[in-house]
Amino acid sequence: MNSLIIRRLVFAMLLLNIPFLKAQSPTKGTSISSRFLDSVLQDYAFRSFSGHRQRTGVIYDGIMSPEFSGITVSALRLRSGRLRRKGYYGYKEFEIPGGVFVSPYVERLVLVYQNLGNWSSVYYPLPGYLFLSPVVGLLAYNASQLTAKRLPELDLRASENPILIKFESLGVPADGVLRKCVFFDLFGGVEFDRVLNGSVCSIAKQGHFGIVVRESVPAPAPAPAKIPENPIAVSGGGSAGGGKWNNEWWIGGVVAGVVWVVVVVGGLWAVRGCRQRRRIKKMEYEAEGGVPLAVAVIGSALVPVAMATRTKQVLENEYVS
Ligand SMILES: *[C@@H]1O[C@H](CO)[C@@H](O)[C@H](O)[C@H]1NC(C)=O
Ligand SMILES: *[C@@H]1O[C@H](CO)[C@@H](O)[C@H](O)[C@H]1NC(C)=O
Ligand SMILES: *[C@@H]1O[C@H](CO)[C@@H](O)[C@H](O)[C@H]1NC(C)=O
């Protein structure tokens, strides 16, 4: 009886945890390389100033070397006072309103724009999702030394209205597939938000941004006999096959998705067994110690975790492979 309750709770927790886990695990591994890319792209963007008169308020496009073909960068130098008062509308996809400021204070700053193009999912992999837009980045730097390399980012925040990102070219998803804005902060964190007006994301911080949809079949499926490659893939000719969505496909996709989720959950569960075990132990401890811990916040949902006290062996045998 008790084990059934625990099983249900654990299952609910896992279900609610899935987007979080999927979002977190890949970026943890790649945050170093994407941060290294930020520093490389800062250099490329700053180099676009050389040979110009370095006017403020003018967008300079960087020239990438062939090894980064597909990525574009730009640099925009602004007085921070002007940015705060007036914002800057139309920096590529970004509409920056007044009220945006950086800390620590600098008199002039450079806003580096990145468009990762076909490299988006290489540097920002998000298993279970497909990018409909390229990943674009907006990062703020001290403009005092335009030849500086490996500059740290300033902290950029919108204090009044959010910064809007207006994506132009989205791969066309099938009807009923929910688009989401995804936001990668500079510390490996991932957040999702709703899309405004079909292709607009709104944010208050710097980082990297894109629009994604949930993938309904596993991408690395070994030669699926009947299920076609997901037609909403954004790679180049994404429009081909867009009309193939029909009931059979949906049912197949949903079934495959459910199977896949079960497999993924099983895998994650095994990998995270140790951590879960520790967490469960802690919860038991807290339950036994009388610490008032009625609910835990998982995602945006409140899930009761004050489960009946169990021995560790039962949990291990049943849920940790
Ligand atoms: C992106 O496209 C360019 C050509 O435009 C190509 O050279 C590069 O290898 C591609 N990168 C990836 C990761 O596919
Ligand atoms: C900006 O760069 C200049 C020159 O390197 C330095 O003197 C100043 O302290 C920097 N400001 C901040 C906030 O890092
Ligand atoms: C959405 O579209 C409406 C009508 O075109 C427009 O008034 C509004 O500003 C748009 N919102 C955003 C966030 O772009």
Side-chain angles (χ1 to χ4, degrees), residues 30 33-34 36-37 39-44 46 49 54 56 61-73 75 77-81 83-84 87 89-99 101-112 114-126 130-131 133-136 139-158 160-171 179-181 183 186 193-204 206 208-211 219 233-238:
T30 58
S33 62
S34 62
F36 180 70
L37 182 72
S39 118
V40 171
L41 297 183
Q42 178 259 314
D43 185 31
Y44 276 102
F46 272 49
F49 289 122
Q54 304 172 4
T56 55
D61 293 330
I63 296 163
M64 301 303 296
S65 62
E67 59 194 297
F68 293 110
S69 159
I71 297 179
T72 62
V73 295
R77 198 163 65 121
L78 293 171
R79 287 176 166 276
S80 61
L83 178 66
R84 188 162 196 160
Y89 290 87
Y91 185 21
K92 308 291 179 180
E93 284 89 350
F94 291 88
E95 305 283 343
I96 305 170
F101 67 97
V102 291
S103 62
Y105 175 82
V106 289
E107 193 184 344
R108 288 188 181 81
L109 63 114
V110 174
L111 291 178
V112 168
Q114 309 173 354
N115 185 322
L116 299 190
N118 59 347
W119 296 83
S120 297
S121 55
V122 176
Y123 282 99
Y124 293 92
L126 208 52
L130 291 172
F131 282 100
S133 75
V135 167
V136 297
L139 302 175
Y141 298 94
N142 186 350
S144 299
Q145 266 193 303
L146 292 181
T147 53
K149 291 180 201 275
R150 295 197 198 91
L151 280 178
E153 286 81 15
L154 303 167
D155 189 29
L156 179 140
R157 307 242 163 208
E160 291 163 19
N161 295 312
I163 297 167
L164 299 180
I165 309 156
K166 299 190 169 173
F167 289 100
E168 278 163 18
S169 50
L170 291 188
R179 298 168 176 192
K180 288 185 202 166
C181 293
F183 164 55
L186 299 184
D193 200 356
R194 65 199 177 90
V195 175
L196 309 169
N197 281 7
S199 62
V200 178
C201 295
S202 112
I203 47 111
Q206 66 187 340
H208 294 84
F209 315 93
I211 294 183
V234 73
S235 56

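When a ligand or atom number is given, it counts from 1 through the structure's own listing order.
- Annotation: side chain of K92 is not in contact with side chain of V136 (no heavy-atom distance under 4.5 Å).
- With hydrogens left out, the protein atom closest to atom 1 (C) of ligand 2 is N142 ND2, 1.4 Å, a heavy atom.
- The aromatic rings of F46 and F49 lie perpendicular to each other, with more than 60° between the two planes, well past the 30° mark.
- Around atom 8 (C) of ligand 1, the closest heavy atom drawn from S121, G70, S69 belongs to S69.
- Taking the side chain as every heavy atom from C-beta outward, Q42 and L139 never approach each other to under 4.5 Å.
- With ligand atoms numbered from 1 in the order given, ligand 2 contributes 11 (N), 12 (C), 13 (C) to contacts under 4.0 Å with heavy atoms of V106.
- W119 CZ2, 4.4 Å is the protein heavy atom nearest to atom 9 (O) of ligand 1.
- In the candidate list V200, N197, V195, L196, N197 is nearest to atom 2 (O) of ligand 3, counting heavy atoms.
- Counting the atoms of ligand 2 from 1 in the order shown, those under 4.0 Å from a heavy atom of Q145 are 5 (O).
- With hydrogens and angles ignored, the 3.5 Å screen pairs no side-chain donor or acceptor of Q206 with any backbone N or O of L111.
- Residue contact check: Y105 has heavy atoms under 4.0 Å from atoms 13 (C) of ligand 2.
- Distance check for atom 5 (O) of ligand 3: every protein heavy atom is found at 4.0 Å or beyond.
- In this structure a side-chain-to-backbone donor-acceptor pair under 3.5 Å is present from S80 to V106.
- Legend: residues meeting salt bridge (Lys or Arg N to Asp or Glu O under 4.0 Å) with K166, ordered by chain and number and at least two apart, are absent.
- Here the heavy atom of the protein found nearest to atom 3 (C) of ligand 2 is S144 CB, 3.4 Å.
- Under the 4.0 angstrom criterion, atom 11 (N) of ligand 2 counts as having a protein heavy-atom contact.
- Across every non-hydrogen atom of A158 and P162, the tightest pair is CB-CA, 4.3 Å.
- A donor-acceptor distance shorter than 3.5 angstrom exists from the side chain of R77 to the backbone of Q54, with no hydrogens or angles considered.
- Less than 4.0 angstrom separates some heavy atom of N118 from each of these atoms of ligand 1: 1 (C), 2 (O), 3 (C), 8 (C), 10 (C), 11 (N), 12 (C), 13 (C), 14 (O).
- With ligand atoms numbered from 1 in the order given, ligand 2 contributes 13 (C) to contacts under 4.0 Å with heavy atoms of P104.
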